[in-house]
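To start, the structure under review is shown below, and the notes come after it.
Being a predicted model, the structure only gives us computed values, none of them experimental. Note on naming: letters A, B, ... go to the chains in the order of the sequence lines (proteins, then strands), and numbering restarts at 1 for each one.
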Amino acid sequence: MCGLFCVWKMLKLKVAIFTLLFLLLSCFSAVAQTEEEISDTTASEEPSYRIPKLAPVTNLEVQDSPDDAGGEIELTWKLSADDTEDNGLVSKYVILRSQNRTSDFHIVGVANHQDTSYIDKGTQDGTEYYYKVVTFPKYEGEVRLTREEIDPLMDEFPEFTELGIKDVSMLAEYDRNLAAAFIDEILGISAVAGPVKSSAQWFNSKDLDTFIIGLVICTSVVIFIGLARGGRKLFLRRIGGLQAIENAIGRATEMGKSILFIPGIQDMDDVQTVAGITILGRIAKTIAEYDTKINMPVSRSIVMTTARETIKEAYLSAGRPDAYSDDMVHYITDEQFGYVAAVDGIMVREKPATCFYLGAFFAESLIMAETGNSIGAIQIAGTAMPAQLPFFVAACDYTLIGEELFAASAYLSGEPKQLGSLKGQDVGKVIAMVFIIVGTAFATLAAVTGSETFLEITNMIKSWFSA
Amino acid sequence: MRREIPLIITATVGIAYIIQYFIPHTPFDKVEALFSDWLSIIAACAIWLGALNLLKLSFLSVSKRKKDWFFSLVIIISWLTMALVGISEGPGFQEPGTKFDWLYTNIYTPLSATMFAMLAFYVASASYRAFRARNFQATLLLVAAFLVLSGRVLFDELIFGFLPADWKILSTISDFIMQVLNTAGQRAILIGIALGTVSTSLRIILGIERSYLGSD
């Protein structure tokens, strides 16, 4: 019995030892497993792509945009040292703005690499703003986020839509809080610039030269109108095209055929159409006096309404209101070649004796003018579209070149005050001639002598006359 | 008052446009956009005046069996077809794949291209007339045109191909005519146009030019 008891005790002790060992091993295994899992998790959270921290921009300066209607602030900076023309590391510059010097900076825009300025067009006048510029690196890795992952991030951080998908993906790999890379200063961030306020200006000083030249021309026009009213005789050179107008109307009257008037294909907001309509007023009065027919197909409804009123008033002032009909002016279509097809059809079917083309024309100019030529009509054209002038010169009997179109109405009126305005215009030509000669002389001297002073004077004159 | 009111409106709008160009401050900065909106609204309403006028004249022509009334019938059918198809498709009728778009792409566009293509033949006939050496100026034009055309095609290569690349005589003369003589002439015309525009605008704004109102 005693022996059996001893064996039992020995067994119990061994079981206890094994149990203890088993428990210890299980504990070790569990601890090892947890550590492995943690180290695995940590590994998965580490960014697979290290965002390179680039040199920030320097000399960041901010100022209210000059000569504007407010709501704009201009930023200028010196390029990051990493932004070189050949294979630079910078992809763009991200502009951050805040109303607080130390925090709450938000993305307001993006400038391209190699850009040294940016205009923030979303400011509130009178509010103080601070700015920072972030040098954003080129992303060399692959886009790991799917559209489904990026879209919620964009919804959460709408300002990041300014960046591309690759950029957002890069930031998200660092932290799903996209702003973290900015807060943690992972990117090259410039010093804060500001405060600055935007405001509207009362005069656009950039256009001061235009203002002065315009003022001189307008004053000379007004002076010459005054001189003409005072009875001074003003000489105007003969314009063949305008002198032929009466003959052309007379020819149509003798032949018993109609007169076709085309005011171009632009609307009433184009000064050439306005010039065409002012000439129409003069022509329509003569047509009414001669009792001839006028046919005016138009491509704009407002031109149709205006032309009807103009012709009606011309017939009224000629004492022939009964001869006027609304059908003299009729709308065709706004479509360029649809209109040309209709006008060509009218020409071929009705064979008008005289065709006027006065207004703004494009590719249709030659199609119409050649059709008019083929039916043997007298053709008088006028436009301020330089590209169409050669076509009219080739196909028409008379062409009013550029300024002659604008001078036509005043010329035909023969009124002193209107003619005075044309003489005032000549002052502008004298100014242009003087500056062309002086500018050419200085440009030549600069080229021959290599003098910086002459070059500066040339550039200054050029800047006065360029936009 | 029938004449005074349009003159006042013209002067007010013209002066407001000039002021807004030089004064960017509120309320002048809104002037251009405001007037452009008004113009768009007026134009949108006025299009019906034009369209209905076209239909009215065409119906009259067909009903009275005027000369060439058949063309008016074509206008009526085309007008109604496009309008009805467009209305039946509702908003987005111009989107690709719609019936309206099909009609526009397959009927209007080829017709329009045909008209444009006729330009090539008209250029040839107009050039033939323009380049006839009737007098000194026309001869000068002919010579200049010949040199420019020769410089722009392969003549230079064919005739002077054996010379070094820098000695391409025709293309050099052609470039000189286009870049110096032609540009100078174009700029002179442009300066005249700019001054004419200023003068015309001033006459209209000041009410000196009233012919569009039917009075001197």
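- In this model, no donor atom of one side chain and acceptor atom of the other lie less than 3.5 Å apart for B:Ser112 and A:Glu335.
- Under the 30°/60° scheme for interplanar angles, the aromatic rings of B:Phe100 and B:Tyr104 are found to lie parallel.
- Applying ring-ring contact (aromatic ring centres under 6.0 Å, His included) to B:Tyr17 and the options B:Phe35, B:Phe22, B:Phe28 leaves one that passes, B:Phe35.
- Interface residue A:Ile225: only side-chain heavy atoms are found under 4.5 Å from chain B.
- With ring centers used as reference points, A:Phe203 lies under 6.0 Å from A:Phe211.
- Within the 4.5 angstrom heavy-atom criterion, only side-chain atoms of B:Leu202, from C-beta onward, approach chain A.
- If you measure heavy-atom distances from A:Asp334 to chain B, the contacts under 4.5 Å come from the side chain alone.
- Using a 4.5 Å cut-off between heavy atoms, A:Leu412 makes no contact with chain B at all.
- With a threshold of 4.5 angstrom between heavy atoms, A:Val393 does not approach chain B through any atom at all.
- Residue B:Arg129 places its CZ atom among more than 12 non-hydrogen atoms of other residues, nucleotides or ligands, all under 6.0 Å distant.
- At least one test fails for A:Arg282 against the ring of A:Tyr411: distance under 6.0 Å to the centre or angle within 45° of the axis.
- Heavy-atom pairs under 4.5 Å with chain A were tallied for B:Leu57, B:Ile18, B:Ile191; the largest tally goes to B:Leu57.
- Residues passing the salt bridge (Lys or Arg N to Asp or Glu O under 4.0 Å) test with A:Arg320, sequence neighbours excluded: A:Asp291, A:Asp322.
- When heavy atoms are compared at a cutoff of 4.5 Å, A:Leu208 does not approach chain B at all.
- Residue contact with chain B, scored on non-hydrogen atoms closer than 4.5 Å, involves the side chain of A:Val271 exclusively.
- Interface remark: A:Asp344 contributes side-chain atoms only to the contact with chain B (heavy atom separation under 4.5 Å).
- Ranked by heavy-atom pairs shorter than 4.5 Å toward chain A, the options B:Pro24, B:Ala188, B:Ser125, B:Gly50 are led by B:Pro24.
- Contacts of B:Tyr108 with chain A are made by side-chain atoms alone, with heavy-atom separations under 4.5 Å and no backbone atom involved.
- Put simply, of B:Asp68, B:Leu49, B:Asp29, the one with the most heavy-atom pairs under 4.5 Å next to chain A is B:Asp68.
- A:Asp207 touches chain B through backbone and side chain together, each having a heavy atom under 4.5 Å away.
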